[in-house]
Amino acid sequence: MDWIRGNTIGRGSSATVSVATSCQSGNIFAAKSVEFSQSEMLQREQVFLCTLRSPRIVEYMGYDITMENNKLMYNLMIEYAPAGMLNDAIRDQRGGLHESRIFQYTREIVQGLEYLHSSGVVHCDIKSRNILITESGAKIADFGCARWTNPKASAATPIAGTPMFMAPEVARGEEQGCPADIWALGCTIIEMATGMSPWPNVNSDPLSILYRIAYSGESPNFPEFLSTKAKDFLSKCLQTDPKSRWTAKQLINHPFIQEFELTQKQNQKSITNSPTSILDHGVWTFTEESESINSIVETKSASLSRRIRGLWLNSRAPNWEWEETWITVRENVESVKQDKNVTCTRMVGDDLELQSRCKF
Ligand code: ADE
């Protein structure tokens, strides 16, 4: 497919995102691009995205390799979300989103997680920065840290994610399964409600956050002003014991989601049934409200505290403000390979396949 790259619309830990246009159809999409030699995360994302299909997951549109400014680039094409990411919406709203929007996005993210987990995929980096807001609602994006739930398939996958959103068992390097996504969802709800990090005082001492998550037995504080049902929902997400955390399937049936949904439907009904409703005049059209590092750590055999220190010290862009605070980190794949005696045949295989498809 021939296409033209437009403006840069985002920069993440794994790639730069540009708006792009197909020369054949004129359709607009987003191209996530990075130099081929550094495209491991983006290729991982492609492997996951091409198997997933759900209204709650960003749509995969293909990949290709281009030569730009004498550099070989790997490009992953996904749907373009004009409203951008959920963290943009939170930032624009300063002080947090209204509970009705928190409900809407929470419901949609839980639906996405339910689909992912029942498809055997753990996202591993849920946060507002990885949620796209489209005309049809919130969609989960950025699968660069994702892993399969199947223990065989995930054995070679290093622990990854964003420290501030890491579940205690992940921060301790024990496991990274579906419950870790649910913990991160709880943190994302706090982000939506407060417009701030789920852990206070992070600017002063970020390293202590990792220790605190791993060893304190604490959960982030719940925003006082949320409804009782929303707080109860949060308490189900932010259980420190992953076995006690609710699953996405259970959360879909939580009263916060169910009753809010019912109220919304009733409100909708009473508007459309009203004989004096403005909808009856046929002059109004309604559009849906829309809004848009890697690290080196040691493996399990190393001391946990050194491991956590590694997560922090080796993360790039350590600017502890707003979303720069919430960087994605990954275990050092090399050390995992060495320690677990894992070869990298899958990536080598993919590379060969990609190069044979390369037009240049
Ligand atoms: N930022 C990152 N990915 C995006 C996308 N697909 N659409 C719009 N903004 C984005």
Side-chain angles (χ1 to χ4, degrees), residues 1-6 8-36 38-66 73-86 108-109 111-127 129-150 153-154 157 160 181 248 290 292 328 346-347 349-351 353-359:
M1 177 175 75
D2 290 333
W3 54 280
I4 298 166
R5 189 186 298 283
T8 298
I9 51 175
R11 267 180 232 281
S13 56
S14 65
T16 298
V17 188
S18 327
V19 66
T21 320
S22 156
C23 296
Q24 281 87 22
S25 64
N27 287 346
I28 293 187
F29 57 91
K32 290 183 78 170
S33 308
V34 70
E35 254 190 76
F36 189 85
Q38 285 156 30
S39 62
E40 187 190 345
M41 260 179 108
L42 216 50
Q43 291 190 40
R44 275 184 67 77
E45 181 165 7
Q46 190 273 340
V47 169
F48 283 94
L49 268 188
C50 72
T51 67
L52 300 169
R53 203 169 187 82
S54 156
R56 301 275 65 97
I57 306 294
V58 65
E59 193 186 338
Y60 168 70
M61 302 176 80
Y63 74 87
D64 77 355
I65 295 165
T66 50
M73 304 294 289
Y74 181 86
N75 308 287
L76 177 69
M77 280 77 143
I78 56 173
E79 74 178 290
Y80 171 60
M85 319 296 294
L86 176 55
E108 290 162 350
I109 301 167
Q111 287 168 343
L113 287 179
E114 205 277 315
Y115 167 77
L116 282 184
H117 295 171
S118 62
S119 309
V121 176
V122 191
H123 183 278
C124 300
D125 202 15
I126 292 291
K127 57 183 175 182
R129 205 178 175 178
N130 288 339
I131 306 294
L132 279 173
I133 304 300
T134 72
E135 277 178 3
S136 49
K139 297 192 181 193
I140 299 175
D142 209 325
F143 285 76
C145 295
R147 59 200 283 145
W148 303 107
T149 49
N150 171 351
S154 69
T157 315
D181 281 349
S290 58
S292 142
T328 299
R346 201 190 71 220
M347 290 315 298
D350 279 1
D351 285 356
E353 189 199 353
L354 288 173
Q355 277 162 15
S356 68
R357 288 194 199 180
C358 173
K359 290 179 224 145

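Counting begins at 1 with the first residue of the sequence.
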Output for pair (I57 CD1, I78 CD1), nearest 0.5 Å, gives 12.0 Å
Check: D125 main-chain N/O paired with N130 side-chain donor or acceptor under 3.5 Å: yes
Holding to salt bridge (Lys or Arg N to Asp or Glu O under 4.0 Å), I want the full list of residues that pass it with E59, two or more places apart in sequence or in another chain. none
Side-chain donor/acceptor of S54 to backbone N/O of R56, under 3.5 Å: yes
Is there a donor-acceptor pair under 3.5 Å between the side chain of T134 and the backbone N or O of S136? yes
Is there a side-chain contact between D142 and L132, using heavy atoms and a 4.5 Å cut-off? no
Side chain proximity check, Y74 to E40, heavy atoms < 4.5 angstrom: no
side-chain hydrogen bond (donor to acceptor under 3.5 Å, both in side chains) partners of T21, counting only residues at least two apart: none
Would you say the side chain of Y60 lies within less than 4.5 Å of the side chain of L76, judging by non-hydrogen atoms? yes
F143 meets the ring pair (Phe, Tyr, Trp, His ring centres under 6.0 Å) criterion, sequence neighbours left out, with H123
Mind checking whether N75 and R5 have side chains closer than 4.5 Å, heavy atoms only? yes
In chain order, what residues pass the salt bridge (Lys or Arg N to Asp or Glu O under 4.0 Å) check against R53, with sequence neighbours excluded? none
The complete set of salt bridge (Lys or Arg N to Asp or Glu O under 4.0 Å) pairs with one or both residues in residues 12-22, sequence neighbours excluded, reads none
C145 vs M41, side-chain contact (heavy atoms from CB on, under 4.5 Å): CA-CA, chis, key distance, verdict: CA-CA 7 Å; C145 295; M41 260 179 108; 3.8 Å; yes
Pairs touching residues 15-26 that satisfy salt bridge (Lys or Arg N to Asp or Glu O under 4.0 Å), sequence neighbours left out: none
Have a look at I140 and tell me which of V58, L116, L52, D181 forms a side-chain contact (heavy atoms from CB on, under 4.5 Å) with it. L116
Quick one about R44 and S14 (side-chain donor to acceptor, distance below 3.5 Å, no hydrogens or angles considered), yes or no? no
